[in-house]
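Okay, so here's the structure we're looking at.
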Amino acid sequence: MTDSYDYVIVGGGTAGCIVAGRLSEDPGVTVLLLEAGAAHRTAETPDEVLDVKSVPMRGHAAEFDPSLDWGLIARTRDGAGISVPQGRVIGGGSAINGAISLRGATADYEEWVGFGNPEWSWEKCLPTFVSMENDPEPGDFHGHEGPIPLTRATDDELAPIQAAFIESAVAIGTPYVRDLNTPDVHGVGPVPMTRIGDRRVSTAESYLEAARDRENLTVRGAALVERVLFEGTRAIGVRLVDGAEIRAGEVIVSAGAILSPALLQRSGIGPAALLSSLGISTIVDLPVGDNLGDHFNVPLMAQPKPGVWEPGQYGLQTALRFSTEAQPGALDGQLTTFTYLNTKTTSDGTRGLAGEGGEDVEYVGGIGCVLNKPRSLGTVRITTTDAATLPDVRPNYLDREVDRDAIREIVRLGWKVFTTPPMSDLFFAPIGMDAETIADDAALDAAIASKTASGYHFTGTCLMALRGNEGVVDERGLVHGVSGLRVVDASIIPTTPAANSQLTTMMVAERIAGMIRAGEK
């Protein structure tokens, strides 16, 4: 007998866990959450996932579990491979990422409104941020009773490299800011992180764990979805790769900005020419997989001097946020400090945040120079109907002149901080970068092009916008041109927020879950 549920959610990642947790609060509906990776309970979570001091990803940890990661390799325009960790485990990226939780700029949400989404202004999104958060910082802009714990490092918790980064940034004139989630604040300080003590708190814990004891919620791991099933233009369920079919009153796709568009394309929702080339019948012709945004990152890395780093230190704790002259007021620049990156796990020819460590350097630390408001857009395209084959991902970094101008400013500020005491005193010479290159525009542009890596913050590939404005979904996540199908994750975010995308993705999931609960279908 085919299983049937009111809601089938595809993807138990950052957004999917929130949607499942919230929808199952209504005992009158049945909810199925499907996760392609492991779907363990919190008590069974691997130690490396719980330990927020380290990042259990390729390129970050000396040892990592590849089963937790999809192993995605994105491609530059000239074909170079970029390693982009993507969580394949309950909780998704929130289970294995750096736990940084920043809100973005208030102007981000006005851009969203401009795509035809009046429900997504800053004034309407802020109450959701507040309701989600359990943040000890005082003030009306913070919540203190929500499910998401936010913790900032105290001075005595800071790893030496992290403390030195703040001191060097202040030494060159950057204001110290304790609360980097103050709206539109510029400065340097500790980042809010989704953690309790040294434990990373994913949405699998903060939203899903308590819900899993509800009789109306079912969670299945190792469940890879082949396609969404339709009767005409109405979604009626999903088919798994093992051939099992599950019926649904509504299908909610929450597989992330890479795998959500891939699933829609395999299901007949996407660019008609692409689908036809793969023998897929087009149900509705939509620009699924376009509008790919990402916070790209240019690493400035060096080997720490003996005694500076030791196991057990935090890998990520601080950041500097500012606006470049290329995009005044956009809060488009961010410097993120890395205590530890492992060079050996990206030595297969792909590029990563560890930069050019070389065979003689086991680990590096330094500064990630991040463009937080990229305007260059890429694509996601399936190359086969096989769900186990990852799509072709082309971020198209540095396509726009404004991005090239902005990242040049960001790298130069990063270099200034990195080469100012006390931070400069903790490292040997930077690897693959020098003062002469920094000073020369052409040389710096070439270095940036050769070093640019992903910030792991893909957005936009199922664009939330009016259909006539290249939209894939409306402002409630409903897919244009069909019924019974919704997308709720980072893929619907119209323009990349000027901050690490985790907290914004959580807010999107929380808001749309509320819309569904309120009957806005």
Task: Pair Tyr456 and His60, ring centroids less than 6.0 Å apart - done: yes
Open item on the list: One thing to verify: whether Glu205 and Arg200 come together as a salt bridge, which I'm taking to mean a side-chain N less than 4.0 angstrom from a carboxylate O.
Closed with: no
TODO: Specify the closest pair of heavy atoms between Thr452 and Ile82, including all atoms of both residues, with the distance to one decimal.
DONE: O-CD1, 3.7 Å
Open item on the list: Please give me the minimum heavy-atom distance between Val380 and Val393, naming the atom from each residue.
Closed with: CG2-CG2, 4.4 Å
Open item on the list: For Gly21 versus Leu208, what's the shortest heavy-atom pair and its separation?
Closed with: N-CD1, 4.4 Å
Task: Exercise: do Asn396 and Ser376 side chains pair donor with acceptor under 3.5 Å - done: no
Task: Salt bridge Asp332-Arg321, side-chain N to carboxylate O under 4.0 Å - done: no
Open item on the list: Quick one about Thr385 and Arg266 (side-chain donor to acceptor, distance below 3.5 Å, no hydrogens or angles considered), yes or no?
Closed with: no
TODO: List the steps and the verdict of salt bridge (charged side-chain N to carboxylate O under 4.0 Å, His left out) for Glu157 and Arg195.
DONE: CA-CA 13 Å; Glu157 287 180 315; Arg195 68 178 175 94; 3.2 Å; yes
Open item on the list: According to salt bridge (Lys or Arg N to Asp or Glu O under 4.0 Å), who are the partners of Arg88, at least two apart in sequence or on a separate chain?
Closed with: none
Task: Pairwise side-chain contact, Pro261 with Phe458, heavy-atom cut-off 4.5 Å (strictly under) - done: no
Open item on the list: Suppose we call two aromatic rings close when their centres sit under 6.0 Å apart. Are Phe418 and Phe427 close by that rule?
Closed with: yes
Open item on the list: Looking only at side-chain N and O atoms, does Thr339 offer a donor or acceptor that is under 3.5 Å from a partner on Gln162?
Closed with: yes
Task: Residue list, side-chain hydrogen bond (donor to acceptor under 3.5 Å, both in side chains) with Asp135, at least two apart or on another chain - done: His142, Arg152
Task: By side-chain hydrogen bond (donor to acceptor under 3.5 Å, both in side chains) - contacts of Thr14 (at least two apart) - done: none
Task: Qualifying side chain to side chain donor-acceptor pair (under 3.5 Å) pairs, either residue in residues 411-422, two or more places apart - done: Arg412-Asp441
Task: Short side-chain donor-acceptor distance under 3.5 Å, Thr384 and Thr389 - done: no
Task: Check ion pair Lys373-Asp403 (N to O, under 4.0 angstrom) - done: no
Open item on the list: Under a 3.5 Å threshold, yes or no: a donor from one side chain and an acceptor from the other, between Asp489 and Ser260?
Closed with: yes
- [ ] May I ask you to check whether Asp69 and Gln86 show a side-chain donor-acceptor distance below 3.5 Å?
- [x] no
Task: Gap separating the CG atom of Leu180 from the CD1 atom of Ile100, nearest 0.5 angstrom - done: 10.0 Å
Open item on the list: Within this structure, what is the CG-CZ distance for the pair Leu331 and Arg103, rounded to the nearest 0.5 Å?
Closed with: 13.5 Å
Task: Counterpart residues, salt bridge (Lys or Arg N to Asp or Glu O under 4.0 Å), relative to Arg408 (two or more places apart) - done: Asp405, Asp445
Open item on the list: Filter on ring-ring contact (aromatic ring centres under 6.0 Å, His included), then keep only pairs touching residues 362-395, sequence neighbours left out; what's left?
Closed with: Trp309-Tyr363, Tyr340-Tyr363
Task: Lys/Arg-Asp/Glu bridge criterion (N-O < 4.0 Å) met for Arg41, Glu209 - done: yes
TODO: In plain terms, say whether Glu510 and Arg22 are close enough for a salt bridge, that is, a side-chain N and a carboxylate O under 4.0 Å apart.
DONE: yes
- [ ] May I ask you to decide whether Arg77 forms a salt bridge with Asp399, counting only side-chain N to carboxylate O separations under 4.0 Å?
- [x] yes
Open item on the list: Could you check whether Arg404 pairs with Glu409 (Lys NZ or Arg NE/NH1/NH2 to Asp/Glu carboxylate O, under 4.0 Å)?
Closed with: no
Task: Over 12 non-hydrogen atoms of neighbours within 6.0 angstrom of CG in Asp242 - done: yes
TODO: Report yes or no: do Asn342 and Glu63 form a side-chain donor-acceptor pair below 3.5 Å?
DONE: no
- [ ] Supply the atom-to-atom distance Asp3 CG to Thr218 OG1, rounded to the nearest 0.5 angstrom.
- [x] 8.0 Å
